[in-house]
Amino acid sequence: MTIVRTRVAPSPTGDPHVGTAYIALFNMCFARQHGGQFILRIEDTDQLRSSKESEQQIYDALRWLGIEWDEGPDVGGPHGPYRQSERGEIYKKYSDELVTKGHAFPCFCSAERLDAVRAEQMANKQTPAYDGHCSHLDPSEAQARVAAGESHVIRMRVPTEGVCVVKDMLRGEVEIGWDRMDMQVLMKADGLPTYFLANVVDDHLMGITHVLRGEEWLPSAPKLIKLYEYFGWEQPVLCYMPLLRNPDKSKLSKRKNPTSITFYERMGFMPEAMLNYLGRMGWSMPDEREKFSLAEMIENFDLSRVSLGGPVFDIEKLSWLNGQWLRELSVEDFAQQVQQWAFNPEYLMQIAPHVQGRVETFSEIAPLANFFFTAGVPLNAELFAHKKLDEKQVRQVLQFVLWRLEAQRQWDKDAIMACINEVGAALELKLRDIMPLMFPAITGSSSSVSVLDAMAILGPDLTRFRLRQALEFLGGASKKETKEWEKQYKLALA
């Protein structure tokens, strides 16, 4: 009898996403329900954006929720390494095998040529795709150019006619035309694999039997299936889970909804309630009850109860469910959890030095420091009125600071100040021009404790959330402004 093995493979390139937790939860429940194993693998082949800090956040966030794995980078296992960046020689071996068999080929096209081809295709109202320029090279010529050190990628060959039948556990058989598939890059010029090669090789070598992933990957499934065929391997059973949606049915995104797991931890949600809510995303208990534990979900788990309608991630509904969990706590447990959440010695000791010199009685602490214990802060348009900047420039400053802080993985006062100084340099502003906007956005007032210290203590999730709130309160950015600002930001800061 085959042992069920599932996995989740997040990229350590940002804040730990609720979508990652959602997919991890369903993979774990499926494995546990079948007496199998659940594996955590880190997809860190994006060298520019991946970071150790982000990887650690993934571990911490999933464990806070109660999601545990049997094998992974931090716990080991018989199928390691579990970081893709440490498996380079493995991918090269299998990439070379595909080239030798004629299923893949070296491509020497420059970025300029590819951009020109793409522009021409779009001008002709064609779907942008690689034109096969290097697929016709004589193999001996191609290998000579590789041996000479010429920069290249490895692309897979795909059929140009017919359809691929994708067997999905939720949808049955889905037909996807091969004319919609591009000659996918498998190995990048830096020698690291793309998602497609790495996932197929890793899933095979790690004995993954079932792959539950987001439905956004369904259109590209034929390329994965073809790679299994090229290697002569049995493919795992595929299941494409419905995507989490915003209340307006758009794909869940941080522009419309906080998406970081850590944000909800800092907001004061119970992990049991958060996991319960994620379990309700597109799935239901046999008796349709809304409140259930992880153990109850595993016991009753059945993929046939997954609904294909896009599950809506609604903070109001999550808050209601969290309230149900809170009210079932004993008063003693409630008080203890409140203390652990924000009134623990470690957090209070970060705040105390900045408050002590500003108060004359203990009763003054709450009005001065209440913003340390809330999600958002009350906003007043008058506080954003600026002596030097007009209303549009105020919004631009806040947007640039937000974008810069979203890319910042190290989080301390010096790093935050460096980010703000970089924005100031890009916009030809001084620190004294920007800081008056930070106070009302972060603390809700024109003066408080050091706002840089406050941002460091609040952490990245609440800081970014408050900047987004301030931007939205001031009217946000129009599509034209966003396009204009993004171009300016990339030239100066990206």
Side-chain angles (χ1 to χ4, degrees), residues 8 15-30 32-33 60-68 212 214 241-254 256-303 305-343 373-376 461-462 465 468-469:
V8 68
D15 300 325
H17 200 281
V18 292
T20 297
Y22 160 67
I23 295 297
L25 172 62
F26 278 77
N27 273 281
M28 183 181 73
C29 286
F30 185 82
R32 299 284 184 261
Q33 213 267 341
D60 294 343
L62 292 180
R63 286 205 171 98
W64 173 72
L65 285 169
I67 294 174
E68 295 287 346
L212 283 67
M241 297 292 296
L243 287 178
L244 299 184
R245 302 282 176 182
N246 293 309
D248 64 2
K249 299 295 185 178
S250 61
K251 181 181 176 182
L252 187 66
S253 68
K254 64 187 177 186
K256 296 185 178 181
N257 238 336
T259 57
S260 168
I261 302 166
T262 313
F263 169 81
Y264 293 94
E265 180 181 3
R266 293 286 285 111
M267 278 272 287
F269 285 91
M270 290 178 62
E272 297 88 347
M274 188 73 185
L275 207 62
N276 181 176
Y277 189 67
L278 289 174
R280 292 187 64 257
M281 294 289 97
W283 183 82
S284 61
M285 291 284 281
D287 60 4
E288 300 291 339
R289 70 182 185 272
E290 297 198 71
K291 182 178 177 295
F292 50 83
S293 67
L294 175 59
E296 290 170 326
M297 182 176 177
I298 292 171
E299 182 183 352
N300 292 278
F301 192 73
D302 183 352
L303 278 174
R305 298 193 62 81
V306 171
S307 169
L308 290 177
V312 174
F313 190 91
D314 186 341
I315 294 183
E316 288 187 13
K317 184 72 174 183
L318 169 60
S319 297
W320 171 84
L321 185 60
N322 194 71
Q324 303 303 303
W325 280 87
L326 282 178
R327 280 183 276 282
E328 288 198 2
L329 295 172
S330 68
V331 175
E332 292 78 13
D333 285 343
F334 177 81
Q336 183 183 24
Q337 293 212 23
V338 170
Q339 190 173 13
Q340 289 175 347
W341 165 62
F343 295 95
F373 305 95
T374 61
D461 292 290
L462 287 183
F465 174 68
R468 290 189 197 103
Q469 276 199 324

Locate the shortest heavy-atom distance separating Phe269 from Ser319; write the atom from each residue and the value.
CZ-OG, 3.6 Å
Can you name the side-chain contact (heavy atoms from CB on, under 4.5 Å) partners of Pro258, sequence neighbours left out?
Phe263, Tyr264, Ile315, Phe465
By salt bridge (charged side-chain N to carboxylate O under 4.0 Å, His left out), Arg266 pairs with (sequence neighbours left out) none
Results of side-chain contact (heavy atoms from CB on, under 4.5 Å) for Met297 - residues two or more places apart only
Leu25, Phe26, Cys29, Trp283, Phe292, Phe301
How many angstroms lie between CD1 in Ile261 and CG in Leu65, if you round to the nearest 0.5 Å?
5.5 Å
Residue pairs passing the salt bridge (charged side-chain N to carboxylate O under 4.0 Å, His left out) test with at least one member in residues 15-30, sequence neighbours excluded, are Asp15-Arg409, Asp15-Arg464
Applying side-chain contact (heavy atoms from CB on, under 4.5 Å), run through Gln336 and Leu329 and close with a yes or a no.
CA-CA 10 Å; Gln336 183 183 24; Leu329 295 172; over 6 Å; no
One should read off an interatomic distance between Leu321 CG and Met270 CE, to the nearest 0.5 angstrom, of 10.0 Å
Quick one: side-chain hydrogen bond (donor to acceptor under 3.5 Å, both in side chains) partners of Glu316, sequence neighbours excluded?
none
Asn322: which residues meet the side-chain hydrogen bond (donor to acceptor under 3.5 Å, both in side chains) condition with it, sequence neighbours left out?
none
Glu68: which residues meet the salt bridge (charged side-chain N to carboxylate O under 4.0 Å, His left out) condition with it, sequence neighbours left out?
Arg63
Summary of side-chain hydrogen bond (donor to acceptor under 3.5 Å, both in side chains) pairs that have at least one residue in residues 305-315, sequence neighbours excluded
Ser284-Arg305, Glu288-Arg305
Verdict with supporting geometry, Val18 and Met274, side-chain contact (heavy atoms from CB on, under 4.5 Å)
CA-CA 10 Å; Val18 292; Met274 188 73 185; 3.7 Å; yes
Residue pair Gly66 / Leu294: nearest heavy atoms and the distance that separates them
O-CD2, 3.7 Å
Excluding sequence neighbours, so at least two apart, what forms side-chain contact (heavy atoms from CB on, under 4.5 Å) with Gln324?
Lys291, Trp320, Arg327
To the nearest 0.5 Å, atom CZ of Phe373 lies from atom CH2 of Trp341 at 7.5 Å
Please determine whether the number of non-hydrogen atoms from other residues, nucleotides or ligands lying under 6.0 Å from atom CZ of Phe334 exceeds 12.
no
Does a side-chain heavy-atom distance below 4.5 Å link Ile67 with Leu275?
yes
Which heavy atom of Pro242 sits nearest to which heavy atom of Pro311, and what is that distance?
CB-CD, 3.7 Å
Please enumerate all residues that pass salt bridge (charged side-chain N to carboxylate O under 4.0 Å, His left out) together with Lys251, with sequence neighbours excluded.
none
Supply the atom-to-atom distance Gln33 CD to Leu303 CG, rounded to the nearest 0.5 angstrom.
9.0 Å
Could I get the full list of side-chain contact (heavy atoms from CB on, under 4.5 Å) partners for Leu308, not counting sequence neighbours?
Leu170, Arg171
Heavy-atom pair of closest approach, residues Met281 and Tyr22:
O-CE1, 3.4 Å
Atom of Leu318, atom of Ala273 and distance for their closest heavy-atom approach
CD1-O, 4.1 Å
Phe30 side, atom CZ; Asp302 side, atom CG - distance, nearest 0.5 Å
9.5 Å
In chain order, what residues pass the side-chain hydrogen bond (donor to acceptor under 3.5 Å, both in side chains) check against Ser260, with sequence neighbours excluded?
Asp461
OH of Tyr277 to CD of Glu290, rounded to nearest 0.5 Å, is 9.5 Å
Where Ala375 and Met267 come nearest, the two heavy atoms and their spacing:
CB-SD, 2.6 Å
